[in-house]
Structure formats: structure tokens, C-alpha cells
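One structure below.
Note on naming: letters A, B, ... go to the chains in the order of the sequence lines (proteins, then strands), and numbering restarts at 1 for each one.
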Amino acid sequence: MTRRLLVTAALPYANGPIHIGHLVEYLQTDIWVRFQKLRGNRCLYICADDTHGTAIMIRARGEGRSEIELIEETSEAHQRDFAGFGIEFDHYGSTNSEENRTLCHQIWQSLRDANLVVQRSVEQLYDPEAETFLADRFVRGTCPKCGTPDQAGDNCNCGHTYSPTELIDPVSTLSGATPVIKEAEHLFVELEKLHDFLSEWVSNSGALQPETANYLKGHFLAEELRDWDISRPAPYFGFEIPDAPGNYWYVWFDAPIGYIASTQQWCNANGEDLADWWKSDDCEVHHFIGKDITYFHTLFWPGMLKTAGFSLPTKVHIHGFLNVNGKKMSKSDGTFVKAETFLKHIDPSALRYFYATKLSSRVEDLDLGVEEFVEKVNSDLVGKVVNLASRVGKFASRTGLAPSYPDDGGLFQAAAAKGDEIAAAYEEGEFSKAMRLIMELADAANPFVEHAKPWEMNKDPERQDELRDVCTVALNLFRQLAVYLAPVLPELANKCGDLLGEPITSWEQSQTPLVDRGVNKFQRMMDRVKTEDLEAMMEESKDEAAQETDAAATNPFNDSDQPLKDEPLADEITIDDFMKVDLRVARVLSAEHVPEANKLLKLTLGLGGDETRQVFAGIKAAYDPEKLVGRLVVMVANLKPRKMRFGLSEGMVTAAGPGGEEVFVLGIDDGALPGQRVH
RNA sequence: GGGGCUGUAGCUCAGUUGGUUAGAGCUGGGAACUCAUAAUUCCUAGGUCGCGGGUUCAAGUCCUGCCAGCCCUACCA
């Protein structure tokens, strides 16, 4: 029975080029879609550029042009890159389209009608790091009544209740940042009102991998769902909220709606009805995404769809990240490879196949080992699969295929019988299993040719019929492999079709051998991947990264806007406020690891003379304790001591950066003395 | 600290509801062949199935404890 499937891959952000990390997802999706089409299902592969948000706005301004110009250029580049890897969308749109605007309005109205939107302009603690308002339970601090530290946002063990804004020394439990009191008009979606529905959907719909369902149940659904801050004040590149002038939808509102809008555009162009794809029980909706955006696609998005009466995802396929040689992609290592750069050096089929051998239905990171890549592609594809055709190609173009399929010892039948199992593996997203099964077939096929010795037949005019039979078997076994591999290697399927004069269009072609026809002149189907090519590719990637760094260095005004975006400026203070903070130069007298803490170092800081302070600092990932000893740092010296699980912390070392390994402790120029105050 | 996943030959991985001498591919060693992109074929080497307990007639497979790695989450005053 023919199924109808609407498939999406996440919308790439229109702020940068596609790289090999992105390609995991678009290739995984492309393979799955091609498989569905090969099986005869009606399947649409929908994607679009995600074009809104502050980053696009800032970048366009920096480049002195309009956002529209920027996103159009990026869209072209993205589509060119995808096409280069054989990724075939049925439609590639943009979130900055009239169709999307209309759908946003429509879905917004549904949220309004369902009474899920609230406007708040309360004084509330706001976490500048996490960029979110903090509900009571996400703030802890010292009780204003009894002085007990580390109490909940709304009440203390002493029985006193209060508002979180009354807390002394409040801390965000989300980021650890000090919350600021902020007044703003924001619109919120009260997701909690959909809690029952979401719990039910997460647990029972079958749309999520078990590990994802568990994650959501444990982290979000176990407690009250936070309101979703869905508006951003001007200036913002996006869609203005119709009933809240001066406010724009947060990019994560209109981005997933882009899936529907892009489908709408396809429908318009093809005379189809959107409802058949997004509001029909007969149509499956499949999202492929990375693990980083799980939250948006499994809570907010189903909530929006449900409320607006669209189909819920049949399945959300979540994949992990790409590592290269066991490490995160890195610009300085040359492993941060752009799609465009890859294509200059290596056949995209190689990457398609390699990813296929690595992908499963689970949320696991996958590793591209350079050695493994070369070995696997060469030995599997060139040595086994292509070789099968190559070794009889020359003979076959002379003999053609036999009138009826000869005895092959049951090889073709056995491989045909494997079809269902291979198909099931594709269907479940277990591509690595599918590839393994297919290679088993290839391993069985080559010995047939070996033992038949067609080269001997070739020399004997009496044995030309035998030779033709061997060619018929070898080429049919090859074609069978080409059909099974067609979702992964469409180019190979095309070349096989050309060779035998019948294009590969259906999975069913793997079940019946081709006979009684000519064979075209054999043409080389795939080249071996050379380690030198990979090395050259990574060299070039390294150079590109270096050039970007140079460009940034020669242009001091080209600093990224990311840090400010991550942590917006705090509210204005007076000089008196500033003077309350006593910053002092201090020398690191000792530094040691705290065994139980993952991120903390225990420091003893000297302020001159015998004056010392013990301070815990979250810089373990970035600094070696030994190398800190003797250094001068700047500390907050009059901070109220704070009892931590590991001991008392009597101050704070100043540092910048987002955290982890990216932490940079403030130093001071030579000449400063421990104990001196920073004014 | 909490949650999850993984740990099987040098490498990448299979091992179905527990059942005879634990498998494949690649790599290594030896040989054959020459149709093929130094491809292929045959033979061969190589594993206390992370470690320790337990259940069982029988455990890589189930239970439990520990160890290691990865991911998520928290601490980062």
C-alpha cells in the first residue's frame, strides 16, 4: 500500500555556509526520502532557509546591505552545496516568505483563541546569561528574613515566604548568573496548559526514540513547564506580531512554521492542497533534526501544531553530532570542512556512503576517521561493488545479456530474499545495518566471477555462450546491489542504468534479473579516495580558517556580535553602585583540583601580607592549576562568603567568556601589587 | 552529584527470545590468479566477550556491584 510522507530536515540558518557536520542530517534525510520514493511511496522532502533573528540583522548591517540581499545570497549558496552532494529537495523555501507570514498569523491566532498567550510586564528577575525570565523556582538566594543562604525563590526553611525579588544575593539556577530586575513587555505561551497533552504524546505517540522520551520526561515534563517567551522587541529582523506592534516573533516561532510554509509553496506550484499533507491522517510527517534542537521540536512544536489543528509529527528522528578523528570539528585542525571545500577534493558519493555506514536510529554522535573513511569507501565500494561490474564490463558489452537468467548457484535469489530485511533497516533509519547486509551480498558475488574464470572463456571462441552467462550473472548481481544502494548512491544507480539500458527507479527491480539485451560500453563508475586528497582538503580548510582570522585581525571593527547577544548589557548603575564592588589585585598562592567538582578549582589568593582568601572558581577546564600559581588576578574581595559543597568561597575571580574551556581570567599589567584596589 | 548510552579480535562492528568449538569486514602473514581502479580469490593468524559476584543444567546474552569512555544535566559565589 502506498504511503504518503512529508519529510523535513531542520532549516539551516542563513548566517553561514553548509559544512560536513550539517551534511549528516541532510544526507540522512535524503537517503531516507530516496528510499521511500524507490519503494513507491509518495514522499516530499521539504526544507528552507531559516532567515530571521538578530544575527542576520547584525551581519547584514555589518556588510552594509539589506537582510534580504544577504539571505538570498545565502540561500543560493546553500542550495548549490546541497545539490553538489546529491541532496534532492522537492522544495527549498525560506522562512522569510509571505506564505510563512500568513501561516504564522494563523497559528498565532489559534494560540490566542486557545487562550495560551499572556502578556506580562512585570518586574521580574531576568537571567541575562540564559536570556530568560526566571520563575520562582529557578532562583535561589539568601532568605531576607533569617539570613539562611541558598533558599528557594519563594520560601525559606524558616517558614517565611517572599517574592524572589526580595532575595538577598539571588542566583539563577539555570546559569548561575546574577539575575537583574527587568521590566519588559513580553508575550508568553503558557505551555503548561498543554502539559497533559505533551506528556501523553511524548509517552505514547511512538514519535520519539525511547532515550528522547525519557529525557523529556525526566527534565521537563516532571515539573511545571515554563512559559515560552515568544516575542522580541524591535529592532528585530522577522515578522511583526500583528496584535503587538513593535514586537516580533522570536525566530523559533516562525522557523518550524517554515516547514509548513515551504510545503505551501510546493503545493501552490503543483496544484496540491496543503491540507492533504499537513491536516490528513493519511499523511505521515517526519522531522529529521539534531539533538541540539530536541526541545523545540518535541515540546513547543507539537504544542503549536496541536493547538492550530495541524498533524503531529509521526516521528522525530534525532541524530547526534559529527566528530572528526574522534574530536569536535575544529577550524585550526582543518576538520571544520565546508561542503564547498569538500567537493573540490572528494567525490560526494564517498561521504554519502560513509555516513550511511555510520548512521543508526539512535541519538549517537558519529565519528569520521580519516583512515577509516578511505579504507571503507575504497574497499567496499570500489573493491567490491564497482569491481563486480568493472571486471566483466568489457566482455559484457560484446556478449550482451543471456536470453534467460543462467544458473548462479542461487546467488540472485538469495540476495533478492534479503531485500525485505534491507528495506526494514532503511525504514527504521538503521542505515549502518543496511550497508552491512548489502556488503555481505557483495562479498558473496565476487567469488562467483573468480571461480567461473571468464578470462579463460574469453580466449576460447567455443565458450562465448558461457562467457555471456557469467557476465549476465555478474552484472545482475551488481545491478541488485546498485538498487539496494540507490538511496545512498544515486549516481551509481544512474550509471548502472546507463550500462544496462534501463534506469533504476524501483526497489522491485532488485527482485528480477535483466536478460536478453545488449550492454553498453563500460565506463568507470567511481574513483578511489586518496588519503592525499583528504589531506589537501583539510589543508585548504585550515587556510580558509586562517584567512578568516587574518581578516578579523586586520579589521578591528569586525568582532563578532555573539558575545553581546549571549549576554546583553545590564541596566545602568551609578558610580556609587560600582564603588560597592571592591575589586582587588591578588596573587594566586595555591591552586588545586577539587576532586568532587567537575569544573571548580580551589584557589588561595593573597592580598599582600598575611591576608588571604579561599576562592572556588569555575575555570578547571581552561586552566592548569600549576600554571596559575604566582599569577596576578583581579578578585571581588568584598563579596559575602558563600558556603559551597566543597568549602567556603570567600570571593570571586573575575573572568570573561562563555564557560568551559572558553574562560579567560583577567590579568593586570606589570607593576600592580597584590592588595591594590581596582578603580 | 543525578540521568542515559557504550565497553566483543590491532581497527570498525554483528551477535536474534540465554543453548554445542564467539562471527564478519578491514589490517597483518602465506599462496593463487590476472577479467578488473596493485582490484580479486583461497588459506592463515588473532579474543580470559571491561572487571568481580550471582541466577541457571547452560550467560557475550539475565541480575547486581565496581571500573573506563561518551552524551545530557547540575555545581562554576
Side-chain angles (χ1 to χ4, degrees), chain A residues 129 140-142 149-150 169 171 173-178 209-212 214-215 217-220 222 291-292 294 320-321 323 326 354 357-358 360 362-365 367 369 371-376 378-384 386-396 432-433 435-437 439-440 442-443 445-459 467 470-471 474 522 524-530 594 596-601 613-622 635-636 639-653 655 659-660 663:
Chain A
E129 206 164 301
R140 296 186 77 83
T142 302
D150 197 30
D169 299 334
V171 177
T173 62
L174 297 180
S175 68
T178 302
Q209 291 127 303
E211 61 262 48
T212 304
N214 285 337
Y215 163 75
K217 279 187 264 185
H219 283 94
F220 299 103
K291 64 182 180 182
D292 52 327
T294 296
F321 294 151
N323 289 324
F354 185 79
T357 67
K358 288 284 177 180
S360 75
R362 303 176 47 180
V363 189
E364 276 174 336
D365 290 353
D367 187 44
E371 298 272 315
E372 194 191 342
F373 179 89
V374 173
E375 276 172 15
K376 194 157 260 173
N378 288 345
S379 93
D380 288 0
L381 294 186
V382 182
K384 292 175 187 171
V386 171
N387 186 237
L388 196 57
S390 174
R391 65 193 310 189
V392 298
K394 202 164 54 183
F395 307 143
S432 65
K433 182 178 181 187
M435 295 309 105
R436 206 172 57 239
L437 291 169
M439 283 313 133
E440 281 175 17
D443 280 331
N446 266 306
F448 173 85
V449 180
E450 191 76 15
H451 299 316
K453 298 185 168 65
W455 53 94
E456 288 179 4
M457 299 169 183
N458 183 47
K459 289 172 190 154
L467 177 61
V470 172
C471 292
F522 180 80
R524 176 179 274 253
M525 292 183 173
M526 189 177 291
D527 287 308
R528 306 176 75 76
V529 176
K530 296 199 289 287
V594 183
E596 316 91 83
N598 291 338
K599 300 185 183 174
L600 296 178
L601 288 182
R613 295 280 191 281
Q614 172 177 283
V615 172
F616 290 90
I619 57 175
K620 176 173 177 168
M635 75 171 295
V636 184
L639 199 58
K640 183 169 179 172
R642 153 89 168 195
K643 191 169 167 297
M644 300 181 67
R645 190 148 50 87
F646 322 106
L648 196 65
S649 191
E650 305 170 308
M652 184 173 169
V653 172
V663 172

What is the nucleic acid contact for [X], judged by heavy atoms within less than 4.0 Å: base, sugar-phosphate only, or nothing?
X      : result
A:N214 : nothing
A:D365 : sugar-phosphate
A:V615 : nothing
A:K453 : nothing
A:G383 : sugar-phosphate
A:D443 : sugar-phosphate
A:K433 : nothing
A:V382 : base

Can you measure [X] atom [atom1] to [N] atom [atom2] for me and round it to whole angstrom units?
X      : N     : atom1 : atom2 : result
A:N446 : B:C42 : CG    : P     : 9 Å
A:L437 : B:G15 : CG    : C1'   : 13 Å
A:R524 : B:A36 : CZ    : P     : 12 Å

* **side-chain contact (heavy atoms from CB on, under 4.5 Å) partner of A:K376, the single match among A:V374, A:N378, A:D380** =>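 It is A:D380; the other options fail the test.
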* Which one of A:L381, A:V382, A:V386, A:N387 satisfies the side-chain contact (heavy atoms from CB on, under 4.5 Å) criterion with A:M525? ->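 Single pass found, and it is A:V386.
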Rounding to the closest angstrom, what is the interatomic distance between [N] and [M] at atom [atom1]?
N     : M     : atom1 : value
B:G18 : B:C49 : C1'   : 14 Å
B:U34 : B:A39 : C1'   : 10 Å
B:G2  : B:G54 : C1'   : 27 Å
B:A59 : B:C51 : C1'   : 16 Å
B:G60 : B:U55 : P     : 16 Å
B:U27 : B:A9  : C1'   : 11 Å
B:C35 : B:G30 : C1'   : 24 Å

* Asked: Between A:F321 and A:K291, is there a cation-pi geometry (under 6.0 Å to ring centre, at most 45° from the normal)?
  ->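 Yes, A:K291 lies over the aromatic ring of A:F321.
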* Reckon A:K394 has a side-chain N or O less than 4.0 Å from the OP1 or OP2 of B:A36? ->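 Yes, such a contact exists.
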* Side-chain N,O (A:R528) to OP1/OP2 (B:A38) below 4.0 Å ->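 Looking at the OP1 and OP2 atoms of B:A38, neither is under 4.0 Å from any side-chain N or O of A:R528.
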* A:L388 vs A:N446, side-chain contact (heavy atoms from CB on, under 4.5 Å): CA-CA, chis, key distance, verdict -> CA-CA 6 Å; A:L388 196 57; A:N446 266 306; 3.6 Å; yes
* **Over 12 foreign heavy atoms within 6.0 Å of NZ, A:K217** =>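 Atom NZ in A:K217 is packed in, count exceeds 12.
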* Roughly how far, to the nearest 0.5 Å, is CD of A:E364 from NZ of A:K358? ->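 Those atoms lie 10.5 Å apart.
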* Asked: Listed by chain and number, what are the ring-ring contact (aromatic ring centres under 6.0 Å, His included) partners of A:F395, not counting sequence neighbours?
  ->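 With neighbours one apart ignored, the set is empty.
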* Asked: Does A:F616 have any ring-ring contact (aromatic ring centres under 6.0 Å, His included) partners at least two apart in sequence or in another chain, and if so, which?
  ->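 Checked A:F616 against ring-ring contact (aromatic ring centres under 6.0 Å, His included); zero matches.
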* To do: On RNA chain B, check which nucleotide each of A:N458 and A:A442 is closest to and give me the residue with the more 5' one.
  =>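 Comparing both residues, the 5'-ward one is A:N458.
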* Asked: Nearest nucleotide by nearest heavy atom, which residue falls closer to the 5' end of RNA chain B, A:V653 or A:K384?
  ->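 Its nearest nucleotide lies further toward 5', so the answer is A:K384.
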* Asked: Based on Watson-Crick and G-U pairs with both distances under 3.5 Å, what dot-bracket line describes RNA chain B 5' to 3', crossing pairs as [ ] and inter-strand pairs as |?
  -> (((((((..((((.....[...)))).(((((.......))))).....(((((..]....))))))))))))....
